[in-house]
Amino acid sequence: MHKVMFVCHGNICRSPMAEFVLKDMVRKRGIADEFHIESAATSTEEIGNSPHYGTVDKLASVGIAVDGRKVARQLTAADYDAFDVFVGMDSANVKNMRRILGGDPDGKVHKMLEFAGVDRDVADPWYTGDFDATYEDVTDGCVGLLAWLGE
């Protein structure tokens with residue numbers, strides 16, 4: 001079982017997009033039962049809110065449904081033992097993840113686009129409004145993550 005946690009600042013744009021993209025990928029490959037996939041925030045700003053309409057609309061446009069029960073939650077130190085890999089969307093997320101998690105002694109924390117062989121942050125649609133660019137980054141990262149996991 002691969003336990004994957006995606007993380008961004010508010011858990012309403014990038015990390016839920018990654019959560020549902022990866023869930024769709026593993027479902028289509030017939031390996032969904034080998035994964036537990038969630039997403040969380042480093043901040044408390046959006047706790048309890050649903051994914052951003054831009055994320056929901058972009059995913060719907062490519063045939064990916066967002067679970068209507070998904071609401072933003074904050075990452076906790078207890079998550080470190082519950083998940084195998086933590087994937088932050090940008091450098092600030094990674095820094096904050098390590099702070100919240102109490103470090104990263106087992107090397108579980110990664111930046112999303114490292115799995116795509118790129119050293120940059122996932123485009124943040126909160127500021128750009130460009131959910132297409134975010135989707136491309138997230139998809140590239142998820143494809144690379146699956147390869148990294150051996151799937």
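Because the structure is predicted, anything quoted here is derived from the model rather than measured.
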Rounded distance (nearest 0.5 Å) linking atom [atom1] of [X] with atom [atom2] of [Y]:
| X | Y | atom1 | atom2 | result |
| --- | --- | --- | --- | --- |
| Asn93 | Ser43 | CG | OG | 9.5 Å |
| Met112 | Glu114 | CE | CD | 10.5 Å |
| Asn96 | Leu101 | CG | CG | 10.5 Å |

Exercise for review: Taking ring pair (Phe, Tyr, Trp, His ring centres under 6.0 Å) as the test, write out the residues that go with Phe131, two or more places apart.
Suggested key: His52

Exercise for review: Only counting residues at least two apart or in another chain, list the ones meeting ring pair (Phe, Tyr, Trp, His ring centres under 6.0 Å) with Phe35.
Suggested key: His2

Could you check whether any side-chain heavy atom of [X] comes within less than 4.5 Å of a side-chain heavy atom of [Y], counting everything from C-beta outward?
| X | Y | value |
| --- | --- | --- |
| Phe115 | Leu146 | no |
| Thr139 | Val62 | no |
| Lys23 | Asp67 | no |

Please list, one pair per line, the donor and acceptor atoms closer than 3.5 Å that link side chains of residues 73-86 to other protein atoms, with sequence neighbours excluded.
unit_1	atom_1	unit_2	atom_2	d
Arg73	NH1	Asp79	OD2	3.0
Arg73	NH2	Glu38	OE1	3.4
Arg73	NH2	Asp79	OD1	3.0
Arg73	NH2	Asp79	OD2	3.3
Gln74	NE2	Thr42	O	3.0
Thr76	OG1	Ala78	N	3.4
Thr76	OG1	Asp79	N	3.4
Thr76	OG1	Asp79	OD2	3.3
Asp79	OD2	Thr76	N	2.9
Tyr80	OH	Asp104	OD1	2.6
Tyr80	OH	Asp106	N	2.9
Asp84	OD2	Lys3	N	2.8

Linked, directly or transitively: [X] and [Y] (ILVMFWY side chains, under 4.5 Å):
| X | Y | value |
| --- | --- | --- |
| Leu113 | Tyr135 | yes |
| Val109 | Trp148 | no |
| Met5 | Ile37 | no |
| Val4 | Val26 | yes |
| Ile47 | Met89 | no |

Check your understanding: Counting distance only, does the side-chain N/O of Thr55 pair as donor-acceptor with the main-chain N or O of Cys13 below 3.5 Å?
Key -> yes

Practice item. Applying side chain to side chain contact (heavy atoms under 4.5 Å, CB included), run through Cys142 and Phe6 and close with a yes or a no. Key: CA-CA 10 Å; Cys142 285; Phe6 292 107; 4.1 Å; yes

Mind listing the side-chain donor-acceptor pairs of residues 117-125 below 3.5 Å, one per line with the distance, residues two or more places apart or on another chain?
unit_1	atom_1	unit_2	atom_2	d
Arg120	NH1	Asp137	OD1	3.4
Arg120	NH1	Asp137	OD2	3.1
Arg120	NH2	Asp137	OD1	2.8
Asp121	OD1	Ser91	N	3.0
Asp121	OD1	Ser91	OG	3.3
Asp121	OD1	Lys111	NZ	3.2
Asp124	OD1	Trp126	N	3.0
Asp124	OD2	Arg14	NH2	3.4

Study note, to complete from the structure: Applying side-chain contact (heavy atoms from CB on, under 4.5 Å) to Ala72 and not counting sequence neighbours gives Asn11, Ile12, Glu46

Practice item. State, to 0.1 Å, how close Pro51 and Val66 come at their nearest heavy-atom pair, and which atoms those are. Key: CG-CG1, 3.9 Å

Check your understanding: Which heavy-atom pair separates Pro105 from Gly103 by the least distance, and what is that distance?
Key -> CD-C, 3.7 Å

Point to revise | Pairing residues for Asp132 by the side chain to side chain donor-acceptor pair (under 3.5 Å) criterion, not counting sequence neighbours | key: Lys58

